[in-house]
There are 2 protein chains.
Amino acid sequence: MKTIEKYLTDSGIKPSYQRIRILSYLMDKKNHPTVEMIHKELLHDIPTLSKTTVYNTLKQFVEKGITQIINIEDNETRYDADISTHGHFKCLNCNKVYDFRFGNNSLEISDIEDFDFLQTHLYIKGICKKCKYLLNTK
Amino acid sequence: MKTIEKYLTDSGIKPSYQRIRILSYLMDKKNHPTVEMIHKELLHDIPTLSKTTVYNTLKQFVEKGITQIINIEDNETRYDADISTHGHFKCLNCNKVYDFRFGNNSLEISDIEDFDFLQTHLYIKGICKKCKYLLNTK
DNA sequence: TTGTAATTTTGTAACGATTTCAAAATTGAA
DNA sequence: TTCAATTTTGAAATCGTTACAAAATTACAA
Ligand SMILES: [Mn+2]
Ligand SMILES: [Mn+2]
Ligand SMILES: [Zn+2]
Ligand SMILES: [Zn+2]
């Protein structure tokens, strides 16, 4: 069995064709796509693919813990198959969402010392390196 | 002129009755409310208040930089008149959103060193202290 | 004060993302 | 092959938000 199918099976998800393709898309592209993006792209290969299936599948992936939701913008829900704790940077110029690492235990948090932390989301918005240079040389 | 009216005027916003009440609500309650919450509460005092006015006013507050959007959950947009950089903790049990401070320059970020940072949002989800004890003693 | 223009508020309709739902298609076992 | 269980699909419903034009309020000059 291919690794992606095994990964789904191990996560308690039956590896249907659509599920394999959606998870592969997330893992290969690593582009933090919206439902719209996933559906539009896969439609080329799977002309019958329903948007509902994309919604259902992603909801299942999130429930089973193999995908996380990225809420960096309030008008678009993005998805990420990288479920490690990492940060996301959105460039306000080119709209690309970059990954970054941060020292999770160096956070120096006060006021909520006795709370139980389950998920940490660090979002930064600004201008990416590429756009910075492009904008400067214009 | 009262301080809240002066604050609006200084921010380039004409202090209409509705705007004063909405900003006061945000500043007094500090509860990171949704549009729904603000509208429902203020309706007791201002029976003619339109939800559109709440939307318009908050959009204006954000544009003028006196309110920030809190995107801790993907199905609800919350608002905060505290525009300082601070973190938000959402309790998954009681749904309350708490403020917390964090050392902004202690973040130890890698991979995006040369990017320009404009906004930083740190969201943590988990169980708050109160709920932790309540759940334990049940 | 009155008239008039500018601004603000309001309510309805439109919109877009997401969910619900039941039928159709597919899969898996007997 | 048959039949039940699962999955996918597409249409309709829902929900938060925005667009828009009319109504109300405010500002100001005559
Ligand atoms: Mn990521
Ligand atoms: Mn806050
Ligand atoms: Zn960029
Ligand atoms: Zn709690």
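A, B, ... follow the sequence lines: proteins, then strands. Residue 1 opens every chain. When reading the values below, keep in mind they use all heavy atoms of this one structure, side chains included, and skip hydrogens, waters and symmetry mates.
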**B/His39 versus B/Glu41, side-chain donor and acceptor atoms under 3.5 Å** =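 No pair is found: no donor N or O on one side chain lies under 3.5 Å from an acceptor on the other.
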**Prompt:** Does A/Asp82 pair with A/Arg101 as a salt bridge, N-O distance under 4.0 Å?
**Reply:**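 Judged by the 4.0 Å cut-off on N to carboxylate O distance, A/Asp82 and A/Arg101 do form a salt bridge.
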**Item:** Closest contact, heavy atoms only, B/Glu73 versus A/Asn71
**Value:** C-ND2, 3.4 Å
**Request:** Identify, with sequence neighbours excluded, every residue that meets salt bridge (Lys or Arg N to Asp or Glu O under 4.0 Å) alongside B/Lys96.
**Result:**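 Not a single residue meets the salt bridge (Lys or Arg N to Asp or Glu O under 4.0 Å) criterion with B/Lys96.
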**Prompt:** Once you round it to whole Å, what is the distance between C1' of D/dT18 and CD of B/Glu63?
**Reply:**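 Nearest whole value for this atom pair: 13 Å.
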**Request:** List the protein contact pattern of nucleotides 6-24 of chain C with one symbol per nucleotide (5' to 3'): B for base contact, S for sugar-phosphate-only contact, - for none; contact means a heavy-atom distance under 4.0 Å.
**Result:** -SSSBBB----SBBB----
**Message:** Assess the residue pair B/His86 and A/Asp111 against the criterion (side-chain hydrogen bond (donor to acceptor under 3.5 Å, both in side chains)); give the C-alpha distance rounded to whole Å, side-chain angles, the decisive distance to 0.1 Å, and a yes or no.
**Reply:** CA-CA 11 Å; B/His86 63 283; A/Asp111 307 335; over 6 Å; no
